[in-house]
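Note on naming: letters A, B, ... go to the chains in the order of the sequence lines (proteins, then strands), and numbering restarts at 1 for each one.
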Amino acid sequence: MRSRHNLFSPKIDNWLIGFKDGADFIVLFFKETFSRDFEFKEFVNQCYRIGNSSLVLISLTGFVTGFVFTKQSRPSLETFGATSWLPSLVTIAIIRALAPLVTSLICAGKVGSSIGAELGSMKVTEQIDAMEVSAVNPVRFLVVTRVLASTITIPILTFYCGFMAMTGVFLNVSLGEDTSFSAFLEQAFNNIIFLDLWTAIIKAVSYGFTIGIVGCYKGYNASNGTLGVGKAANASVVMSMFLIFIEEVFIVQVTNWFR
Amino acid sequence: MNKVIEIEHLYKSFGDRDILVDASIDIFQGENLVVLGRSGTGKSVLIKIIAGLLTADKGKISVLNQSLINISQKELNALRLKIGFSFQNSALYDSMTVQENLEFPLVRNIKNMSRKEIDKAVNSVLDSVGLLQALKQMPSELSGGQKKRIGIARTLIMNPEIMLYDEPTAGLDPITCIEINQLINDVKENYRTSSIIITHDLTCAKQVGDRVAVLFDGNFKFQGTFEEVFKNQDPRIKSFYEYNFTEN
């Protein structure tokens with residue numbers, strides 16, 4: 001018989017064990033990603049599922065964010081007689097922060113929960129065990145494909161969200177004042193530098209990876225039947241969002257050193 | 001007869017709970033061994049250790065002359081190709097059709113198979129479980145008995161030498177149970193497999209078992225033919241028999 005001794009308090013011990021398990025899972029992901037026999041067909045399937053499932057929601061949210069943010073910013077700028085700065089101000093906010101954050105939060109809810117629930121359900125119904133006993137590596141088939149798909153698809157969705165937000169900005173600006181599309185574009189992108197685009201790409205890639213790996217980790221380690229599946233889906237969303245906000249702060253700090 | 005599985009003094013515990021305690025048994029080539037026991041006595045744990053899904057805490061276990069203690073992942077995967085595992089709830093992949101379920105282990109373990117060869121193998125195993133018409137169906141469209149059959153077909157596609165059945169008749173109606181028992185016997189005959197059948201269904205044990213072993217408190221207490229085991233006057237054996245054939 002084995003008994004367990006606590007190193008610190010049971011809560012801290014569990015947190016440390018969870019942290020180590022998570023780190024091991026990430027190492028396993030990288031190990032399997034660079035091994036042979038990449039499941040390309042499943043990867044393409046997952047890219048399609050992630051993109052397709054979030055497209056409508058991101059279109060709407062992106063457009064509304066751009067439109068409303070412009071509308072809310074206008075009165076403040078009018079006070080200082082600086083409404084001509086409106087397109088530039090809103091574009092910087094969208095590219096640097098809003099598009100990556102809005103897209104990733106939507107995907108954390110939609111994609112993260114879906115991955116957590118799907119893998120959790122496969123775990124509790126022994127489908128993952130069935131893969132293992134048929135000498136198929138479940139990490140390679142299930143985890144690598146999903147994490148890579150979210151890491152690649154979420155940045156694409158981020159740029160699409162940015163495009164939809166800019167459409168909302170242009171609509172609001174053109175409703176408020178008579179401006180041509182080319183003049184709007186010139187004003188909007190006048191103050192955008194390459195670092196802003198790189199920041200958006202870095203953010204989107206790290207958020208995409210976070211959503212994929214957290215969803216897979218929570219789903220892959222689900223237990224206790226249907227209750228465990230629900231918990232895995234819920235924990236995927238909560239932990240992804242938590243990590244996304246921490247990463248946001250970190251990336252902003254790091255990229256600001258280069259400005 | 002050759003031994004295909006040798007288990008000596010096996011121990012397995014989860015936390016403070018001992019599941020297998022000094023369990024020892026051999027399985028011989030071409031036989032169907034039925035492992036009986038109440039829920040929680042470690043029957044499923046035993047076959048999960050044999051399939052390499054769990055590791056034993058102590059003791060010796062070898063499958064097809066390959067020790068499972070300190071086995072490498074590569075060796076374990078090679079061994080798993082010779083073992084078929086039929087899960088209690090079939091464990092069919094929900095998102096795939098029956099055809100994709102059956103192809104799944106085949107295309108990933110045998111490289112360079114042509115489409116024609118894959119289709120031939122799929123049709124052959126589906127025919128052997130009598131479900132050729134289910135080729136394009138999703139698992140959610142199948143009945144419990146059909147799912148069991150497809151689960152067995154998915155393991156047969158790799159031509160295993162050993163079959164492990166975890167509660168093959170659990171949750172099925174009596175007629176379907178008899179059909180599944182017949183299928184287990186057909187698999188033994190047509191694929192020349194050695195099998196371990198985990199169950200607490202004595203009708204199943206009687207119909208498919210060449211030998212019966214009863215697991216109590218993590219240990220094999222009784223072994224022999226069905227008749228030999230149930231001639232025993234031990235109250236645990238008697239209550240097991242009465243529960244199946246008298247109360248039910």
Side-chain angles (χ1 to χ4, degrees), chain A residues 1-6 10 13-14 17 28 31-32 35-46 48-50 52-53 114-115 117-142 144-146 149 219-220 222-226 229, chain B residues 11-19 21 44 47-48 50-54 57-58 73-96 100-111 139 147 150-151 154-158 160 162-164 166:
Chain A
M1 280 212 286
R2 290 179 300 175
S3 60
R4 215 181 110 198
H5 302 286
N6 290 319
D13 277 12
N14 282 341
I17 290 166
L28 186 65
K31 200 179 134 203
E32 293 302 335
S35 62
R36 291 185 309 163
D37 301 329
F38 180 66
E39 294 278 354
F40 187 74
K41 200 177 158 193
E42 178 64 8
F43 164 71
V44 173
N45 179 33
Q46 290 304 322
Y48 173 76
R49 280 178 64 183
I50 292 171
N52 191 40
S53 68
S114 154
I115 292 175
E118 187 185 14
L119 263 59
S121 156
M122 289 184 79
K123 177 76 179 178
V124 300
T125 56
E126 297 179 308
Q127 291 176 49
I128 292 179
D129 284 347
M131 275 186 198
E132 249 183 90
V133 294
S134 56
V136 176
N137 188 327
V139 174
R140 205 174 294 164
F141 183 78
L142 298 170
V144 171
T145 52
R146 280 161 178 77
Y220 206 84
S223 55
N224 298 335
T226 47
V229 176
Chain B
Y11 286 81
K12 178 71 186 172
S13 56
F14 293 105
D16 292 339
R17 196 165 161 240
D18 294 329
I19 304 295
V21 183
S44 297
I47 56 170
K48 282 185 178 174
I50 294 169
L53 287 171
L54 294 172
D57 296 336
K58 227 165 79 178
Q73 190 60 45
K74 201 175 171 185
E75 288 169 332
L76 181 60
N77 279 344
L79 187 62
R80 278 171 170 169
L81 295 178
K82 299 172 189 167
I83 302 173
F85 197 120
S86 167
F87 287 84
Q88 188 173 348
N89 296 313
S90 309
L92 298 179
Y93 309 127
D94 293 332
S95 57
M96 300 180 196
E100 288 164 341
N101 261 281
L102 297 179
E103 285 175 14
F104 190 83
L106 194 66
V107 295
R108 281 164 182 82
N109 288 305
I110 304 171
K111 303 291 173 196
K147 281 182 188 168
I150 300 296
R154 188 175 61 187
T155 66
L156 291 178
I157 205 161
M158 298 304 296
I162 295 170
M163 279 296 292
L164 306 172
D166 191 2

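For Q127(A) and D94(B), the side-chain atoms include at least one donor-acceptor pair closer than 3.5 Å. A donor-acceptor pair shorter than 3.5 Å can be found between the side chains of S13(B) and D57(B). Side chain to side chain, S44(B) and D166(B) meet the donor-acceptor criterion of an N or O pair below 3.5 Å.
Comparing R108(B), R154(B), Q88(B) by heavy-atom pairs within less than 4.5 Å of chain A, the highest count is held by R108(B). For the options T155(B), L92(B), N89(B), heavy-atom pairs under 4.5 Å to chain A are most numerous at L92(B). If you tally non-hydrogen atom pairs under 4.5 Å between each of K111(B), M158(B), R80(B) and chain A, the highest count goes to R80(B). The choice from P105(B), A91(B), P160(B) that makes the most heavy-atom pairs within less than 4.5 Å of chain A is A91(B).
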Set out, in order, the CA-CA distance, both residues' side-chain angles and the distance that settles side chain to side chain contact (heavy atoms under 4.5 Å, CB included) for F85(B) and D129(A), then state yes or no. CA-CA 10 Å; F85(B) 197 120; D129(A) 284 347; over 6 Å; no
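For L53(B), the part lying near chain A is the side chain, with the backbone staying farther off; criterion is any non-hydrogen pair under 4.5 Å. With a 4.5 angstrom heavy-atom cutoff, L164(B) does not touch chain A via any of its atoms.
Looking at L54(B) and F14(B), their side chains come closer than 4.5 Å, going by heavy atoms from C-beta outward. Put simply, the side chain of V124(A) does not reach to within 4.5 Å of the side chain of T226(A), judged on heavy atoms.
In terms of modelled atom types and a separation under 3.5 Å, the side chain of N101(B) and the main chain of M96(B) share a donor-acceptor contact.
The contact list for residues 37-46 of chain A toward chain B, using heavy atoms and a distance under 4.5 Å, reads D37(A), E39(A) by residue number.
What you find for Y93(B) and P139(B) is that their closest heavy atoms are O-CG, 3.5 Å. The minimum heavy-atom distance between K123(A) and G219(A), with the atom names listed, is CB-O, 3.8 Å.
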